[in-house]
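In what follows, a single structure is set out as structure tokens and then discussed.
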Amino acid sequence: MSKIHNAFAKGKAFIPFLTAGDPDALTTVALILAMAEAGADLIEIGIPFSDPMAEGPVIQEANIRALNAKTTTETVFSIVEEVRKQSQIPLIFLTYLNPVLSYGKDRFFARCQALGVDGILVPDLPFEERDELLEETKRYGVDLIYMVAPTSDDRIAHIAKEATGFLYVVSSLGVTGVRSEITTDVGSMVKKIRAVSDVPTAIGFGISTPKQAQDMAKVSDGAIVGSAIVRMIGEKGKDAIADVASYVCTMKDAIR
């Protein structure tokens, strides 16, 4: 069993995201450890990819910076290895199918298991095509995290019944990015999930302020924030650690 359940065991979970290798591997290690110390319950680590189709401009640019810094999938595993020397916080990867297949499915998930990567989220792998990775994730004890969106509608219950780890509830249509307001009725989406499963739910896409995080956590089990953090890293680079830690602390306090 993965450690993801630990993230939701003490109340609402705050889940920050960053892109590995932006601005460099050593800073990524320091950022992950600082976020864990600041109160993050689970951390989502993006593996840089040249065509991150689900991402808005902020995270796309982070991918470019990380790739320009020569970050590879192997680099990302090395980052996790360093983190694991000091922290056992639950970790999940956000990646696309191509990096996993290029690395080799069996080899990829064996490394995840060895280093304590608890889950994987693959935006370009439709739920109906999950068998592409499901055998390997089960073999190596890595949760395959599913996403449900406002357009999922009747599929929500079906996806929820199969979900492990947690279910990523997409708050807004389109790509990732900070939004001034979230108008989707995410509460009704969570109710559909709750009718068939007790798997934890966490809401992402568009959340950037403490009030937004608080509102999303009221109707779910946690809030996910990516672009707001990645923007800080993009602006301050190696000097972003203190600001990111302070932001994580503020957001965690908001959802308690």
Side-chain angles (χ1 to χ4, degrees), residues 2-4 6-7 13-50 52 54-55 58-67 69-100 103 108-109 111-125 133 137 140 142-145 147 165-166 168 176 202 204-205 222-234 240-241 244-245 247-248:
S2 79
K3 297 189 296 296
I4 289 175
N6 293 342
F14 181 65
I15 304 172
F17 165 91
L18 51 59
T19 300
D22 174 32
D24 56 53
L26 285 176
T27 305
T28 301
V29 172
L31 282 162
I32 292 170
L33 292 172
M35 291 193 294
E37 184 69 24
D41 297 287
L42 183 155
I43 296 173
E44 187 180 342
I45 301 171
I47 296 179
F49 182 52
S50 57
E55 314 300 351
V58 171
I59 297 178
Q60 284 183 19
E61 290 165 8
N63 276 265
I64 292 168
R65 290 192 298 268
L67 291 170
K70 310 299 183 188
T71 306
T72 64
T73 302
E74 194 60 50
T75 308
V76 182
F77 280 124
S78 297
I79 288 168
V80 174
E81 188 171 15
E82 288 303 309
V83 169
R84 282 289 178 243
K85 292 176 182 177
Q86 299 181 59
S87 175
Q88 294 305 310
I89 187 170
L91 300 173
I92 66 169
F93 280 152
L94 181 144
T95 186
Y96 291 82
L97 195 55
N98 184 276
V100 178
Y103 196 85
F108 183 94
F109 289 107
R111 289 279 277 152
C112 286
Q113 183 185 56
L115 294 173
V117 176
D118 302 287
I120 183 172
L121 179 66
V122 188
D124 63 342
L125 180 68
L133 297 180
T137 57
Y140 292 104
V142 178
D143 286 318
L144 182 57
I145 309 298
M147 304 176 85
F166 74 95
Y168 191 123
T176 58
F205 276 54
I224 303 165
V225 174
S227 294
I229 291 169
V230 172
R231 178 177 289 164
M232 286 184 213
I233 298 168
I241 297 167
V244 169
Y247 177 80
V248 169

Assess whether side-chain contact (heavy atoms from CB on, under 4.5 Å) is satisfied between C112 and F93, documenting all intermediate values. CA-CA 9 Å; C112 286; F93 280 152; 3.9 Å; yes
Contact summary for [X] and [Y], nearest pair of heavy atoms:
X    : Y    : result
G204 : Y168 : CA-OH, 3.7 Å
T19  : P48  : CG2-CG, 4.3 Å
M147 : P123 : SD-CA, 4.3 Å
F17  : I229 : O-CG2, 3.7 Å
A7   : A13  : O-CB, 3.4 Å
A40  : V248 : N-CG1, 3.8 Å

Any [X] side-chain heavy atom under 4.5 Å of [Y] side chain:
X    : Y    : result
V83  : L33  : yes
D143 : D118 : no
T27  : V29  : no
P16  : V225 : no
F166 : L42  : yes

Against I45, only a single residue in V117, T95, I32 fulfils side-chain contact (heavy atoms from CB on, under 4.5 Å); can you say which?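 By the side-chain contact (heavy atoms from CB on, under 4.5 Å) criterion, I45 pairs with just one of V117, T95, I32: I32.
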Output yes when a side-chain donor or acceptor of T28 lies under 3.5 Å from a complementary backbone atom of A20, and no otherwise.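 The answer is no, because no donor-acceptor pair under 3.5 Å joins these two groups.
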Taking R84 for its side chain and I79 for its backbone only, find out whether a donor-acceptor pair lies under 3.5 Å.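 No, because the side chain of R84 does not come within donor-acceptor range (under 3.5 Å) of the backbone of I79.
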Test V100 against N98 for side-chain contact (heavy atoms from CB on, under 4.5 Å), laying out the working first. CA-CA 5 Å; V100 178; N98 184 276; over 6 Å; no
Applying salt bridge (charged side-chain N to carboxylate O under 4.0 Å, His left out), which residue pairs with at least one partner in residues 13-36 are found, sequence neighbours left out?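 As it turns out, the salt bridge (charged side-chain N to carboxylate O under 4.0 Å, His left out) pairs with a partner in residues 13-36, which skip direct neighbours, are D22-R65, D24-K238.
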[atom1]-[atom2] distance between [X] and [Y], expressed to the nearest 0.5 angstrom:
X    : Y    : atom1 : atom2 : answer
F205 : S227 : CZ    : OG    : 8.5 Å
E61  : I233 : CD    : CD1   : 13.5 Å
L97  : F49  : CG    : CZ    : 9.0 Å
I15  : I224 : CD1   : CD1   : 4.5 Å

State yes or no: are the ring centers of Y103 and F109 separated by less than 6.0 Å?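 Centroid separation for Y103 and F109: 6.0 Å or greater.
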For E82, side-chain hydrogen bond (donor to acceptor under 3.5 Å, both in side chains) partners two or more places apart: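 Partners of E82 under the side-chain hydrogen bond (donor to acceptor under 3.5 Å, both in side chains) test: K85.
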In chain order, what residues pass the side-chain hydrogen bond (donor to acceptor under 3.5 Å, both in side chains) check against Y96, with sequence neighbours excluded?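 By the side-chain hydrogen bond (donor to acceptor under 3.5 Å, both in side chains) rule, Y96 matches E55.
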Check against side-chain contact (heavy atoms from CB on, under 4.5 Å), M35 and L18: CA-CA 10 Å; M35 291 193 294; L18 51 59; 3.5 Å; yes
Is it the case that T75 and T72 place a side-chain donor and acceptor less than 3.5 Å from each other?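 Yes - a donor-acceptor pair under 3.5 Å links their side chains.
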Answer yes or no: does atom CD of Q88 have more than 12 heavy-atom neighbours from other residues, nucleotides or ligands under 6.0 Å?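 Above 12, so yes.
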